[in-house]
Structure formats: structure tokens, C-alpha cells
Amino acid sequence: MSQATTIILGIETSCDETAAAIVVRSADGRGQILSNIVRTQLDEHKAFGGVVPEIAARSHVQWLDHIVAQSFEAANLSYKDLDGVAATAGPGLIGGVLVGLTTAKAIAKATHKPLIAVNHLEGHALTARLTNNVEFPFLLLLVSGGHSQFVLVRDVGDYERWGTTIDDALGEAFDKVAKMLNLGFPGGPQVEEWAKKGDPKRFKFPRPLLKEKRLDFSFSGLKTAVRLAAEAAAPLSDQDVADICASFQTAVVAVLEKRCGQALERFADELAGEPIRLVVAGGVAANQKIGAALQSVTEQYGAELIVPPMNLCTDNGAMIAWAGAERLVRGQIDNSSFAARPRWPLDSEDMKLRAAHD
């Protein structure tokens, strides 16, 4: 596109946040968030101890139109000001993804604007370019409720997955530990808060795959060890709970430190001469102990640690709008037949082929 700026509406409904945002991308590649409206569904799911897909989808149907309207009002813009409409098309809970993508298709058709179907993971991957104007290439550590991955980000649509979880995602492990200990949902903040009062050395929990050279994660065994410790110590006192949380968090930190060091070494070897940058995204990045550990390991390897503001690390519409803008300026658009996907690996051939149309 030849115009100086590109204005995109972004819609995100892949899990339990109903979100819409309007973002502008300038010709020099810098971004600005004009609005970013997010409605969480925590209260709807809290009683179940996790996200219920059908409840999530119904809530998206009920609220999305209102959230989109609020995003225009906050940006002081109207549909005619848009250059494109972007929406998460996967991966995610398929009912929710369908709600957002269908809405985006309708808006695009009614306003005669281009549609950009965005991979949710690409939204996370490119957020640091919106917030910090990060240049390619960089290493992404995505740690969320649904994903734990190392990804080499070479360019828009050019991704190489270096490691992933072979069972539970890290955020999922936090949630399950919290559920075992009756701490409530979401579990991450609860476990972190209880860990502050605990003894991190009391329980010797395993560090799964720690001695292996591959960059994959495994948290299922650690979660099982927590369950067995809790059963052995039952009935649990408050101090028992705090000690379990602190010991669990310490094990997680040790795994992340080791894996990040290995990933940074690989980056330095394979991309010799490039500045070493580690971008962290996902809600788990809010954990202070994890953040401190990542800061320490990046300093050790002479790398730069980039963590976008926390409201942009968790699911939001701004990251989807930005990913849509990055693709639109490269000539990438999609048609109304694009199908919602429950699974959509970031390094899939489909992502590369779509980028090849730029």
C-alpha cells in the first residue's frame, strides 16, 4: 500500500477474552494503538476452575458487537477510516474463533475493506514490533495458558519453532497446580502469591528434560509430583500450600533458565553477528520470579530482553490488528472462504505460503 498510514481493526476471540482494537501503522513501520478494549470472562468460568468452551463462545456472541463499537468510540473513528479488518482465525477454541472471524468477514464485506485472517500466535510473536519497534530476527519465548514455545522469528510469516511443550503448557500447569490446592482460577497469580510465603527448598520437585539438549518443555511430570506431595502432606496447612507453591515455582524457574540459555546459545551460533534479542509473550511473563530469571540469563549471554506491557502479553485485539497491518502492507489479504482453525502451528507450511504472496 502506498498511503502513509494503515489503520486496522483487530478482533480477538480465541479463548476467554472478547477483544477489539484499532491500530495504526505508519509508513516507517512504527505502530500506535488508538484503542484496545478487552472484556475478560473470568467470572463466567471461575466456578468451573477453567475455561468452558461453550460458555466462552456464547459470551463472545453476546459482547463482541459492543466491544467493537467501544473500540471505534475510543479511537474516535468510524468504519470508513479503516484500511482493513483483521481477526484471529486460529488456533483456539473453535466456537470462539468462529464468532470473531465471522464478525470480521461481515464487517469487511459490508465496508468493502480487505480481510486479514491472523494466526493468534503470530499476534503474540509480532507484538514487540508494535511496542518496541523490534527489528528482525529475534527469538520468541511464548509462555501462556495454551502454549510454551521457542520460535525464531525471521520475518512476518517466516517462523522456525525450536522447542515446544510435549504435554502441558506452562500456564496450564500453573492453573492445574492451583486447582489441586484449591487456590482458585486463574491459577498463575494465586500460585505466585502463595509462593512468596513459602520455602522453595522444602520439596525437591523434578526439573523435566533438564539434562537434554533439545529445547522442548515437559510439565506433566512436575504437576504429578506436586499432586503426590500434596496428597502425602494432607491435610494441608497454609504453610504446606505456600511451600508447595514456592517449590513448584522454583522448579519452573530452573527449567526456564536452562532452556533460555540453550536457546540463546543456539541463536548466537546460527545467526552469528546478529544482535541477540529475546522477546517474551504470554500471561506467564507476569510472574516476577520468572521475569527476574529471564533478565538474569539474558544479561549472562549479552542479550536484550524485551517484554511488552503486560496488557499486551495476554490476549488482546491490538496484537491481532498489528499482525493484520504487518501482513496488509506486504500485500497479504484473505477472502471470505478462509476457515477457522482449532490448530494452526506458527511454523506451518501454510504460514510460509501465505507470506510468499506478499
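Each of Leu305, Thr298, Val297 was evaluated against Cys260; a single residue qualifies, Val297, per the side-chain contact (heavy atoms from CB on, under 4.5 Å) test.
Evaluation of the salt bridge (Lys or Arg N to Asp or Glu O under 4.0 Å) test over residues 287-313, restricted to residues two or more places apart or in two chains, returns none.
A salt bridge is defined here as a Lys NZ or Arg NE, NH1 or NH2 lying under 4.0 Å from an Asp or Glu carboxylate O, and Glu160 with Arg266 meets this definition. Under 4.0 Å is where a charged nitrogen must lie from a carboxylate oxygen, and between Lys201 and Asp199 no such pair does.
Judged by a 6.0 Å distance limit and a 45° cone about the ring axis, Lys196 is not positioned over the six-membered ring of Trp194.
Ser14 and Glu12 form a side-chain donor-acceptor contact under 3.5 Å, judged by distance and modelled atom types alone. With 3.5 Å as the limit, one finds a donor-acceptor pair spanning the side chains of Asp350 and Trp344. No side-chain N or O of Ser220 forms a donor-acceptor pair with one of Asp168 less than 3.5 Å apart.
Across all non-hydrogen atoms, the minimal contact from Val24 to Ile7 is CG2-CG1, 4.0 Å. In terms of heavy atoms, Leu209 sits closest to Phe217 at CD1-C, 3.8 Å.
Open room surrounds CZ on Arg30; 12 or fewer heavy atoms of other groups in view lie less than 6.0 Å from it.
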Output side-chain donor-acceptor pairs under 3.5 Å for residues 52-62, partner residues at least two apart or in another chain, one line each.
residue : atom : partner : partner atom : Å
Glu54   : OE2  : Arg58   : NE           : 3.4
Glu54   : OE2  : Arg58   : NH2          : 2.6
Ser59   : OG   : Arg39   : NH1          : 3.2
Ser59   : OG   : Glu44   : OE2          : 3.0
His60   : ND1  : Thr18   : OG1          : 2.7
His60   : ND1  : Gln41   : NE2          : 3.4
His60   : NE2  : Thr13   : O            : 3.3
His60   : NE2  : Cys15   : O            : 2.9

